[in-house]
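To start, the structure itself, in structure tokens.
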2 protein chains.
Amino acid sequence: MIAAMARAATTSDVFNAIAEPQRRDILALLRAGERPVTDLAQELGMTQPRASKHLRVLREVGLVRDRKAGKQRLYGLDARGLRPVHEWTGGFERFWNESFDRLDAYVQELKQTRQED
Amino acid sequence: MIAAMARAATTSDVFNAIAEPQRRDILALLRAGERPVTDLAQELGMTQPRASKHLRVLREVGLVRDRKAGKQRLYGLDARGLRPVHEWTGGFERFWNESFDRLDAYVQELKQTRQED
DNA sequence: CGATCATATGCCCATATCGGCATGCGTCAA
DNA sequence: TTGACGCATGCCGATATGGGCATATGATCG
């Protein structure tokens with residue numbers, strides 16, 4: 001049976017993956033090119049297991065690819081998955097500029113409301 | 001003392017707020033204009049308390065504004081907070097098209113690597 | 001004031017998530 | 001084969017999160 005779930009189906013989708021600051025840092029670093037886990041961990045000041053776990057999440061949502069290179073395992077960026085996020089937020093673009101006007105309208109209405117009390 | 005924390009400082013930032021599908025649905029709906037809680041809840045097929053809780057998160061990160069309108073409370077969109085997300089993902093835009101080539105490169109390297117064994 | 005509608009909250013449960021630590025596993029060198 | 005290195009996992013603890021349900025709160029109306 002389907003019981004109560006925390007963050008239900010959210011798990012392992014791109015939006016969730018980039019909700020974690022450290023994972024965003026990893027992605028940003030990978031723009032410079034492939035890197036082994038230890039490298040990333042050190043650069044970002046995190047332990048190796050921690051880096052590995054974050055990388056796993058990123059890999060599971062397809063934002064990262066890995067390939068073996070001898071003893072090492074190189075992680076590389078696959079940013080295609082970020083596109084949907086960019087497009088989704090882009091769907092609100094026209095509201096960014098409107099917002100201020102809207103807020104002004106709110107303020108006006110609030111003032112009126114208070115005066116009417 | 002600061003003990004181990006789950007999702008540390010992530011809580012209540014915009015990235016986290018939009019990691020939840022239902023909250024994204026709410027934001028999308030609000031593009032059409034202000035709406036009372038009950039309205040949103042019904043439209044999205046969720047209970048009123050649930051809608052209120054999601055709206056609270058959205059309000060806390062500033063993606064939503066509310067104003068009292070008599071008995072009701074109208075929630076309205078304030079999309080400015082989405083801009084950073086859009087820009088962050090935009091920073092990867094040039095990799096979207098590269099990705100395929102990169103993957104091809106990976107494959108090439110892999111082939112070479114295998115041959116060298 | 002009392003009844004009622006619209007929301008926000010509190011409390012509880014189940015589960016997801018992060019971090020640390022120790023350890024397993026695969027690869028390369030001697 | 002034995003070590004050493006590089007990385008992935010397993011397990012545990014602490015906490016955040018989502019949902020349900022009942023209820024507190026706020027506001028309007030009679």
Side-chain angles (χ1 to χ4, degrees), chain A residues 1-13 15-26 34-61 64-76 113-114 116-117, chain B residues 1-13 15-26 34-61 64-76 113-114 116-117:
Chain A
M1 58 160 77
I2 303 172
M5 290 192 294
R7 174 154 290 178
T10 306
T11 305
S12 54
D13 76 331
F15 282 91
N16 181 62
I18 65 172
E20 165 63 58
Q22 301 185 84
R23 285 197 285 263
R24 290 201 295 278
D25 291 341
I26 290 177
E34 296 176 303
R35 294 239 194 161
V37 181
T38 309
D39 233 59
L40 291 169
Q42 191 183 337
E43 188 105 21
L44 297 174
M46 53 176 96
T47 62
Q48 173 268 308
R50 198 151 120 197
S52 283
K53 285 171 183 172
H54 282 313
L55 284 167
R56 179 177 186 171
V57 175
L58 293 172
R59 188 178 41 197
E60 287 177 345
V61 300
V64 146
R65 295 258 171 180
D66 66 298
R67 83 184 158 92
K68 280 184 280 185
K71 234 190 285 194
Q72 297 185 317
R73 179 176 289 270
L74 296 182
Y75 278 88
T113 306
R114 298 186 81 181
E116 285 165 7
D117 285 342
Chain B
M1 58 162 77
I2 302 171
M5 290 194 292
R7 175 154 289 180
T10 307
T11 305
S12 54
D13 74 333
F15 281 91
N16 181 61
I18 65 172
E20 165 63 59
Q22 301 185 83
R23 286 197 285 263
R24 290 201 295 276
D25 292 340
I26 290 177
E34 295 176 304
R35 295 238 193 161
V37 181
T38 309
D39 234 58
L40 292 170
Q42 191 182 336
E43 189 105 23
L44 297 175
M46 52 176 97
T47 64
Q48 173 268 309
R50 199 152 119 195
S52 281
K53 285 172 182 173
H54 282 312
L55 283 166
R56 180 176 186 172
V57 175
L58 292 173
R59 188 178 40 197
E60 288 178 344
V61 300
V64 148
R65 295 260 171 181
D66 67 297
R67 82 185 160 91
K68 281 183 280 185
K71 233 191 285 194
Q72 298 185 315
R73 179 178 287 270
L74 296 182
Y75 277 88
T113 305
R114 298 185 83 180
E116 285 166 7
D117 285 344

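Everything numeric here is computed off the predicted structure, so don't read it as measured data. The sequence lines fix the lettering, A, B, ..., with proteins before strands; numbering per chain opens at 1.
The distance from atom NE2 of A:His54 to atom CZ of A:Arg59, rounded to the nearest 0.5 Å, is 14.0 Å. For the atom pair B:Gln22 CD and B:Leu55 CG, the distance stands at 11.0 Å (nearest 0.5 Å).
A:Leu40 has its CG atom 14 Å from the P atom of D:dG6, to the nearest Å. Rounded to an integer number of Å, the gap from CD1 of B:Ile18 to P of D:dG18 is 13 Å. Following rounding to the nearest Å, B:Glu20 (CD) and C:dA16 (P) show an atom-to-atom distance of 13 Å. What separates CZ of B:Arg56 from P of D:dG19 is a distance of 15 Å, to the nearest Å. For A:Tyr75 and D:dG6, the OH to P distance is 15 Å, given to the nearest whole Å. Rounded to whole Å, atom P of C:dT9 lies 10 Å from atom CG of B:Asp66. Atom CD of A:Glu60 and atom P of C:dA16 are 13 Å apart (whole Å). The CZ atom of B:Arg24 sits 15 Å away from the C1' atom of D:dG18 (whole-angstrom rounding).
For the side chain to side chain donor-acceptor pair (under 3.5 Å) test, no residue two or more places apart in sequence or in another chain qualifies with B:Gln42. With sequence neighbours excluded, the residues forming a side chain to side chain donor-acceptor pair (under 3.5 Å) with B:Arg73 are B:Asp66, listed by chain and number. By the side chain to side chain donor-acceptor pair (under 3.5 Å) test, B:Asp39 pairs with B:Arg35, sequence neighbours left out. When the side chain to side chain contact (heavy atoms under 4.5 Å, CB included) test is applied to B:Glu60, the partners found at least two apart in sequence or on another chain are B:Arg56. Among residues two or more places apart in sequence or in another chain, the side chain to side chain contact (heavy atoms under 4.5 Å, CB included) test is passed with B:Thr47 by B:Pro49, B:Arg50.
Mapping A:Arg73 and B:Gln22 onto DNA chain D via the closest heavy atom, the residue that lands nearer the 5' end is A:Arg73.
Counting only heavy atoms from C-beta on, A:Arg59 has its side chain closest to D:dA8 among D:dG18, C:dT9, D:dA8. Here C:dT17 is the nucleotide among C:dT17, C:dG19, C:dT7 with the atom lying nearest to any side-chain atom of A:Asn16.
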- Message: Using a 4.0 Å heavy-atom cut-off to protein, can you give one letter per nucleotide of nucleotides 21-28 of chain D, 5' to 3': B if the base is in contact, S if only the sugar-phosphate is, - if neither?
- Response: BB----SS

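Between A:His54 and the phosphate of C:dG19, there is a side-chain N or O to OP1/OP2 separation shorter than 4.0 Å.
Among the protein residues, B:Thr38 comes within range of the sugar-phosphate backbone only, with heavy atoms under 4.0 Å from sugar or phosphate atoms but none that close to a base.
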